[in-house]
Amino acid sequence: MKHVMMLLIKFGISTVAFAIGLDLFFDATIVDILSFSVFVTIVTYVFVDREILPRLGNTVASMTDFLLVYLSVWIFGSYLFEGYLQVAWGSGISAVIITVAEVFVHRYLLGGISERVKRERSMSFNRRFAYEFAEENEIHNPKKEE
């Protein structure tokens, strides 16, 4: 359920960012905005939030978000839109808006990740087996036998 909620939040952020970056300043259709939003939501969630964020942290994940959004809009937008200026400004504005919003999403996800890791670590330690005392019945010393 948490994954679905995060995907919906990311989709909403992406839709608003592309509506501002592509439709407010330039002529983009609702199909363009929704297709970019779906693509960016899935790609950034799978690669950035699930793989990069837990391993490298918020700063690297935010930079990767910016780069992925900027390049995806730049590459796919060059085929959909006619104007070079529309693609350049639209991808830049959208990437900045999504990156700023993703900082807060990453903080929320890192809080959940750290709590889950703490819980898993505390559950794996069983105090009943923490100390084991044994007595050797047969002591074998190789130096004594010579």
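Computed over heavy atoms, backbone and side chain alike; hydrogens, waters and symmetry mates excluded. Remember, it's a predicted structure, so these values are computed and weren't measured experimentally.
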Interatomic distance, Lys10 atom NZ to Ile42 atom CD1 [nearest 0.5 angstrom]: 11.0 Å

Distance, nearest 0.5 Å, that separates OG1 of Thr44 from CG of Leu67: 12.5 Å

Hydrophobic cluster identity match, Met5 and Phe104, side-chain contacts under 4.5 Å: no

Results of ring-ring contact (aromatic ring centres under 6.0 Å, His included) for Phe39 - residues two or more places apart only: Phe76

Distance-only side-chain donor-acceptor flag, Asp32 / Thr29, under 3.5 Å: yes

Nearest-0.5 Å distance that lies between atom CD in Glu102 and atom CD1 in Ile97: 12.5 Å

Heavy-atom closest pair, residues Ile98 and Ala17: CG1-CB, 3.4 Å

From CZ (Arg55) to CZ (Arg50), nearest 0.5 Å: 10.5 Å

Taking every non-hydrogen atom, the tightest pair across Ser94 and Gly21: OG-CA, 3.7 Å

Close side-chain approach of Leu22 and Phe36, heavy atoms under 4.5 Å: yes

Exercise: identify the closest heavy-atom pair between Ser91 and Ala88: OG-O, 3.1 Å

For the student: nearest non-hydrogen atoms of Val48 and Ala61, plus distance: CG1-O, 3.4 Å

Side chain proximity check, Val40 to Phe18, heavy atoms < 4.5 angstrom: yes

Leu34 side chain near Phe11 side chain, heavy-atom distance below 4.5 Å: yes

Atom pair CG/OG1 of Asp49 and Thr41 - distance to nearest 0.5 Å: 10.0 Å

Criterion side-chain hydrogen bond (donor to acceptor under 3.5 Å, both in side chains) against Ser62, the qualifying member of Asp65, Thr59, Asn58, Thr64: Asn58

Heavy-atom closest pair, residues Ser72 and Val69: OG-O, 3.0 Å

Cluster check Met63, Phe66: I/L/V/M/F/W/Y, side chain < 4.5 angstrom: no

Side chains of Val60 and Ile52 in contact at under 4.5 Å (non-hydrogen atoms): yes

side-chain hydrogen bond (donor to acceptor under 3.5 Å, both in side chains) involving Tyr70 - partner list, sequence neighbours excluded: none

Exercise: identify the closest heavy-atom pair between Ala101 and Ile13: CB-CG2, 3.5 Å

Atom CH2 of Trp89: over 12 foreign heavy atoms under 6.0 Å: no

